[in-house]
Amino acid sequence: MGNADNYGYPSMMNNNNGENTGIHRVEIPPPQPFFKSLKNTVKETLFPDDPLKQFKNQKPLRKFILGVQYFFPIFEWGSRYNFGFFKADLIAGITIASLAIPQGISYAKLGNLPPILGLYSSFIPPLVYALMGSSRDLAVGTVAVGSLLMASMLGAEVNPAENPTLYLHLAFTATFFTGLFELALGFFRLGFIVDFLSHATIVGFMGGAATVVILQQLKGILGLEHFTHATDVVSVLRSVFSQTHAWRWESAVLGFCFLFYLMLAKFLSQKRPKLFWVSAMAPLTSVILGTILVYITHAEKHGVAVIGELKKGINPPSIMDLSFGSKYMTTAIKTGIVTGVIALAEGIAVGRSFAMFKNYHIDGNKEMIAFGMMNIVGSCTSCYLTTGPFSRSAVNFNAGCKTAVSNIVMALAVMVTLLLLTPLFHFTPLVVLSSIIIAAMLGLIDYNAAIHLWHVDKFDFLVCMSAYIGVVFGNIEIGLVMAVSSTS
């Protein structure tokens, strides 16, 4: 290693007896003025990578090109795109479209919104993300937890059954504020705020929300017409068992059969990763089989509820439906911010996870800008909250996607569905949609992660359980507050 003195290390210290103590003298750094220290801290927090560095000493035209590529990454990697990439993205896009269509309809129903909005939300937002997003693997769409959050927070103020138009307008308005909030975080590089939601918080919150969603799907499985709007487990179970006389055995048998099929397909895909398409195609297969079965047997006349008519055509504009002057404006803003935080936490975490597998980098702040723009544009085109859900992104990843073009392919497949195929969903039984949601939600209850937290860090386990208990026995907002409070 050579002599330490040659590298500028201070010599060993001797004590009063002349013995070597082995202690290095380290100079204390000079104190920094308060404002200089604050400036350095803010710069390190907001601009650790100095996004303007690439623009220095560049000609105006080059600065313009770099600026366009910064906000629209597709213009940066698009020049290297080839036919081999397109074949992979085409297969991946069609595969995720087969999952997006039934999930979109299911999650819209979960959010107490017209089912067609789930298809609208799988058309425009993916196109926006393909232009602005930096992840190659993220597949954009609606999510169950976000849909439940919106239903819970907006439903507490406006009954969607009694005043569906106002509720719909508030959903668009909340989505607009979600986008505005996400865009502001990305533009001002405040992504570190999302880090307040620790891994333990996310595990507990997602697990609690998934439990609530599963229990609420008992309405569809049992064919109940009247059901509580509360989300806590006590209210849901009371609503279920106080209506035993209204349970429909036909609906229950159909629901459990399709749930078994979906879980079996998922099990096969996990055991044999090359068969990922079995699980990916299972929801659409369930919808097709369920629709044919109801149509042939006329089961809708024997207690099996169906979707009914879905309007044909692509997204109508909804910019005039944004309710900025409504007395429920505060509710829309609060809903937008809360759903925005959850959507960002899920979408960025999923994007970073798959980027790590393929060894590339995604910019969290640019992702926030992309999420913000797709929700702002979406709110003006009859869409509600969208992000990058794990299930759809995992299918996209396993299908071998190469770039965000897979989102464009998915969007085009949904467009064809909107223009030509929506009448075919008329006889789709709601119980199949409930089965699809339950199958998807079971994957969000990560009990292995909770057990790991117990062994590694008891405090993190407490945070996790605080979030879970708060969501399951209180409501989603209480669970989120309890988790963040425990983290703090």
Which distance, rounded to the nearest 0.5 Å, do you find between the [atom1] of [X] and the [atom2] of [Y]?
X: I436; Y: S106; atom1: CD1; atom2: OG; value: 4.5 Å
X: C380; Y: I319; atom1: SG; atom2: CD1; value: 4.0 Å
X: L117; Y: L168; atom1: CG; atom2: CG; value: 6.0 Å
X: I369; Y: L185; atom1: CD1; atom2: CG; value: 10.5 Å

Partner residues of D232 under the side-chain hydrogen bond (donor to acceptor under 3.5 Å, both in side chains) criterion, sequence neighbours left out: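 With sequence neighbours excluded, D232 shows a side-chain hydrogen bond (donor to acceptor under 3.5 Å, both in side chains) to S235, given in chain and number order.
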
Any side-chain heavy atom of [X] sitting closer than 4.5 Å to one from [Y]?
X: L385; Y: T142; value: no
X: P423; Y: K312; value: yes
X: Y107; Y: I437; value: yes
X: L442; Y: M263; value: yes
X: I337; Y: F177; value: no
X: Q216; Y: L110; value: yes
X: L322; Y: H169; value: no
X: F390; Y: V395; value: no

Would R136 pass as a cation-pi partner of F354, given that its NZ or CZ must be under 6.0 Å from the six-membered ring centre and within 45 degrees of the axis?
no

- Checking K366 against Y70: charged group under 6.0 Å from the ring centre and within 45 degrees of the axis? yes

[X] side chain to [Y] backbone, donor-acceptor under 3.5 Å:
X: N396; Y: R392; value: no
X: N315; Y: C383; value: no
X: S251; Y: I221; value: yes
X: S279; Y: S269; value: no
X: S318; Y: T381; value: yes

Under 3.5 Å, is there a donor on one side chain and an acceptor on the other for [X] and [Y]?
X: T403; Y: D89; value: yes
X: Y167; Y: E157; value: no
X: S134; Y: Y360; value: no

Just wondering, more than 12 heavy atoms not from [X] lying within 6.0 Å of its [atom1]?
X: K266; atom1: NZ; answer: yes
X: Y81; atom1: OH; answer: yes
X: Y295; atom1: OH; answer: no
X: K109; atom1: NZ; answer: no
X: W277; atom1: CH2; answer: no
X: K358; atom1: NZ; answer: yes
X: F86; atom1: CZ; answer: no
X: E76; atom1: CD; answer: yes

Is it true that F324 and F176 have ring centroids separated by less than 6.0 Å?
yes

Using the rule side chain to side chain donor-acceptor pair (under 3.5 Å), only one of T339, T386, T387, T335 pairs with T178; which is it?
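For T178, the side chain to side chain donor-acceptor pair (under 3.5 Å) check succeeds only for T339.
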
*What orientation do F357 and F397 show, parallel under 30°, tilted 30 to 60°, or perpendicular over 60°?*
tilted

- Query: For the residue pair F75 and F72, does the interplanar ring angle fall in the parallel (under 30°), tilted (30 to 60°) or perpendicular (over 60°) class?
  - Reply: perpendicular

Could you walk me through whether T211 and Y468 pass the side chain to side chain donor-acceptor pair (under 3.5 Å) check?
CA-CA 9 Å; T211 302; Y468 183 86; 3.0 Å; yes

